[in-house]
Amino acid sequence: MPVDLRGRRLRRGAVLPPSGIGGRRDGLAGGSGVLDRLGRAAAGTGGLFVIAVWLLLAAGAVMSLPGLTHRLAPPSLEVPGSPSAAAAALVARGFPELGGEQMMLAFGSATLNADEPRYEQAIAATVNRLAARPDVGAMLPLPETDGRHPRHAYVLVGVHGDEPARQRNLPAQLASARQAAREASAGAVTVTILGVSRAFAQLAHADLADLRSMEAMTVPVAAVLLVLGLGAVGAAAVPLAVGGVAILTGVGALASAAAFVPVDSTMLTYTVTMSLGLGLDYTLLILLRYRQARRAGLPPRVAAGRAAATAGGTVTWCGAAIVVTSCALLVVEVPWAHSLALAGMLAALVTLAAALTLGPALLSRMDRHLEWATLPWRRPGRDTPRPAWPRAARGGRRPARASRGAGQPAWVRAAGHMMERPGRYAVAATAVLVLAAVPVLHLRMGLHYDRPALAGTDLGAGLAELERDAVAGLTTVALPHPGRPVPVDTFAFQQALRADPRVSMATVMDNGRDLTVMLIADRCPPDGAAAAAFQRDLHALGARLLPAGQPLLAVGPAARLGDLAAVAAGGLWRVLGVVLLASFVLLLLTFRSLLIPVKAVAMNLLCVCAAFGLLTVAFQDLGGDGADINALLPLIVFTIVFGLSLDYEVFLVHRIAEHYRRTGDNTAAVLHGLRHTARPITLAAAIMAVTFGGLMLTRRLDFQQGGFAVAAAIILDATIIRMVLVPCLMRLLGHRNWWLPGFGSGRGSVP
């Protein structure tokens with residue numbers, strides 16, 4: 001009869017996990033020697049130096065915050081190489097006076113009509129003031145359209161520079177325009193600037209206020225969860241301190257990066273949210289192993305080394321998983337995705353460094369205070385692990401049902417019941433996830449201005465007035481004719497457009513060399529489905545009525561948003577492939593098993609689908625206005641959820657592998673893994689869910705949707721998947737969990 005390394009009997013053909021996974025003894029021995037030495041050094045005499053370095057980094061970050069907020073830019077909407085980008089380049093080259101973007105001066109008055117002299121003087125003064133600026137090009141008054149309010153007037157403005165430059169120049173342009181209109185009309189005429197750049201600039205300012213209020217709400221809730229989960233205020237103080245330092249240092253790293261790359265408000269929100277959640281979670285895992293080592297009698301410095309070597313090894317793997325999944329966003333040809341990839345990598349690396357160095361340094365120095373303010377109902381020895389059920393003297397058999405689990409907590413008895421009926425539980429858990437995912441089949445995606453976030457601002461009011469005045473959308477159509485100085489024949493095309501009830505204006509210009517341009521105003525809000533349909537009809541009409549072979553390129557808010565949504569949808573499949581492949585390879589190398597990574601990838605996909613199904617119900621089906629799901633959301637939610645899910649997968653399966661390696665009893669190993677990881681995973685997931693759920697307190701709809709989706713995915717993953725589906729599948733597969741062709745019959749098996 002084959003036996004394991006400790007002399008226990010194993011049935012023939014059993015496969016054990018490789019020794020590199022299960023060679024630890026419940027975290028009290030073994031682990032990474034490098035991390036052990038790092039933890040001991042941080043907990044020893046070098047700890048004061050470590051703490052001083054992190055305090056200096058945090059202080060430097062605080063000093064850099066004012067500069068960062070001033071340099072903060074809205075998210076970039078440009079898609080390099082897209083049709084709208086090509087059209088913008090053609091227009092900027094052929095008509096330099098139209099600039100890189102066309103925006104709108106929107107005039108209004110409570111007392112004057114647009115044809116009164118004082119109103120006209122205000123328009124002229126504003127145009128002259130802006131014309132003197134080097135960053136402003138041509139200005140073309142829009143002709144009157146049917147249905148326009150008599151006290152409204154609009155002037156098309158071409159602005160120069162690339163996207164970051166246009167964002168920087170907007171405040172000065174707006175101030176100059178308002179001052180000129182106010183002085184010329186004695187305050188009777190107002191003016192604002194409308195356009196995509198202005199809309200997202202306004203959202204960026206709202207983001208900062210929302211971020212402060214969000215953190216003011218989520219940090220106290222996370223602190224309460226830590227106190228309840230750890231049972232003492234003193235123990236909860238360590239993760240909070242590391243998380244706070246990680247946030248400040250991550251923001252400081254962003255401020256440094258802002259000197260080389262544009263940093264937008266979404267990057268800042270993402271960095272703060274990820275730094276807080278990961279900082280608390282990673283330090284929590286190290287803290288729990290530290291307390292376990294201290295209760296085993298190890299001195300503080302040695303316990304810190306053991307915690308860094310065991311839990312720190314898992315944390316290092318988890319941080320690497322976040323970095324890898326964040327890098328997947330680099331395959332999307334959108335600057336916005338690249339910015340989020342940088343933010344994700346910065347957050348993961350900074351929090352990982354803080355947890356591995358500052359965490360042990362604080363633990364050893366606060367050792368006597370970790371149990372300070374222990375909760376009254378917290379019983380001594382509560383964290384001491386107990387076997388899931390008593391083992392028989394021989395063969396690891398379970399005792400009779402009547403005595404099984406006697407004296408165990410209710411959830412442990414429930415886990416034992418689940419191990420007796422793994423098939424039923426696995427089917428039930430899968431059915432719940434599939435039912436949650438069904439609404440994805442009617443999910444609608446789109447990109448919008450986020451009008452609720454703009455409500456109450458002059459920009460929001462101006463956009464609403466544009467729509468009522470039938471000039472909601474403005475599209476510039478570029479018709480290049482290189483080598484032919486004769487303008488493109490657009491008569492039939494123009495007449496057809498003017499006959500379209502959606503079009504309120506169609507004007508043609510030619511530079512006399514190589515480019516004809518049409519300016520088209522339509523009644524469709526540029527961020528709606530009607531605008532997307534109009535863009536499709538515009539290209540179809542041009543192909544039919546323009547000269548054969550004539551290229552047609554369009555640029556404007558609707559065209560830019562359409563290109564961005566299309567690239568995001570196409571890039572999602574590339575990101576999906578990269579993340580799935582990277583996740584599979586990482587888990588394959590870690591566990592040297594084929595089935596574990598296959599199961600993990602399949603369950604993570606199901607979890608993401610279930611989260612988006614719940615998101616569809618909450619925001620699209622039950623939402624008051626039936627809002628579309630942001631088209632960029634799947635990219636970021638997918639990478640975040642996969643990175644975090646891999647964390648919980650490794651944490652749970654490592655513990656199962658440890659016990660199975662020592663005993664060869666698969667059922668006992670699964671119960672052991674649940675026993676030792678249920679509370680840490682639940683607490684870590686609750687903190688992460690609260691952190692991302694805080695985004696629902698912001699005014700931006702895309703942040704609300706993203707926060708809901710990530711929080712829902714984390715809750716589903718930590719409960720249904722990690723606590724039910726994974727254990728049941730591992731119980732059913734038994735020793736086949738560790739099978740690997742060409743390897744399972746070698747080192748992993750016992751002859």
With sequence neighbours excluded, what pairs up with [X] under the side-chain contact (heavy atoms from CB on, under 4.5 Å) test?
| X | result |
| --- | --- |
| R424 | R421 |
| V585 | L581, L589 |
| A686 | L225 |
| V434 | T430, L606 |

Inset, instruction - List in chain and number order the residues that pass ring pair (Phe, Tyr, Trp, His ring centres under 6.0 Å) with Y270, two or more places apart in sequence or in another chain; answer none if no residue qualifies. - result: none
Inset, instruction - Mind checking ring pair (Phe, Tyr, Trp, His ring centres under 6.0 Å) for Y648 and listing every partner two or more places apart, or none if nothing turns up? - result: none
Interatomic spacing from [atom1] in [X] to [atom2] in [Y] - rounded to 0.5 Å:
| X | Y | atom1 | atom2 | result |
| --- | --- | --- | --- | --- |
| L652 | T314 | CG | OG1 | 11.5 Å |
| F642 | S326 | CZ | OG | 13.5 Å |
| L443 | I629 | CG | CD1 | 5.5 Å |
| L342 | H338 | CG | NE2 | 11.0 Å |
| L605 | L433 | CG | CG | 12.0 Å |
| L35 | I286 | CG | CD1 | 8.5 Å |

Inset, instruction - Step by step, work out the side-chain contact (heavy atoms from CB on, under 4.5 Å) result for T325 and F638. - result: CA-CA 9 Å; T325 54; F638 184 77; over 6 Å; no
Non-hydrogen atoms of [X] and [Y] that approach each other most closely:
| X | Y | result |
| --- | --- | --- |
| G39 | P360 | O-CB, 3.8 Å |
| W336 | L635 | CZ3-CD1, 4.2 Å |
| C607 | A713 | SG-O, 3.3 Å |
| R736 | L595 | O-CD1, 3.2 Å |
| M274 | F692 | SD-CZ, 3.4 Å |
| G250 | V350 | N-CG1, 4.0 Å |

Sub-4.5 Å side-chain heavy-atom contact between [X] and [Y]:
| X | Y | result |
| --- | --- | --- |
| V726 | K599 | no |
| L716 | I721 | no |
| T218 | L276 | yes |
| L683 | I687 | yes |
| T351 | I247 | no |
| L594 | F584 | yes |
| D621 | H442 | yes |
| L644 | L278 | yes |

Looking just at side-chain N and O atoms, do [X] and [Y] make a donor-acceptor pair shorter than 3.5 Å?
| X | Y | value |
| --- | --- | --- |
| D665 | H659 | no |
| T590 | W317 | yes |
| T677 | R655 | no |
| R675 | H672 | no |

If the condition is side chain to side chain donor-acceptor pair (under 3.5 Å), which residues does [X] pass it with, not counting sequence neighbours?
| X | value |
| --- | --- |
| S645 | D717 |
| Q705 | none |
| N630 | none |

Inset, instruction - Go through T269 and T273 one step at a time and tell me if the side-chain contact (heavy atoms from CB on, under 4.5 Å) criterion holds. - result: CA-CA 6 Å; T269 303; T273 306; 4.2 Å; yes
Inset, instruction - Given side-chain contact (heavy atoms from CB on, under 4.5 Å), test W738 with I596 step by step and report yes or no. - result: CA-CA 8 Å; W738 317 107; I596 286 179; 3.2 Å; yes
Any donor-acceptor N/O pair, [X] side chain to [Y] backbone, under 3.5 Å:
| X | Y | value |
| --- | --- | --- |
| S275 | V272 | no |
| Q704 | L697 | no |
| T249 | L57 | no |
| N666 | M730 | yes |
| R731 | T667 | no |
| T283 | L280 | no |
| D367 | S364 | no |
| H676 | G673 | no |

Legend entry - Lys/Arg-Asp/Glu bridge criterion (N-O < 4.0 Å) met for R294, E371: no
Exercise answer: donor-acceptor pairs, residues 226-246 side-chain atoms, under 3.5 Å, sequence neighbours excluded:
none

Inset, instruction - Could you go through the side-chain contact (heavy atoms from CB on, under 4.5 Å) check for L576 and R574 one step at a time? - result: CA-CA 5 Å; L576 183 66; R574 295 197 298 273; over 6 Å; no
Legend entry - Partners meeting salt bridge (Lys or Arg N to Asp or Glu O under 4.0 Å) with D702 (sequence neighbours left out): R700
Inset, instruction - Verify whether the ring centers belonging to F591 and H654 lie closer than 6.0 Å. - result: yes
Legend entry - Listed once per pair and sorted, the side-chain hydrogen bond (donor to acceptor under 3.5 Å, both in side chains) pairs that draw on residues 223-242, sequence neighbours left out: none
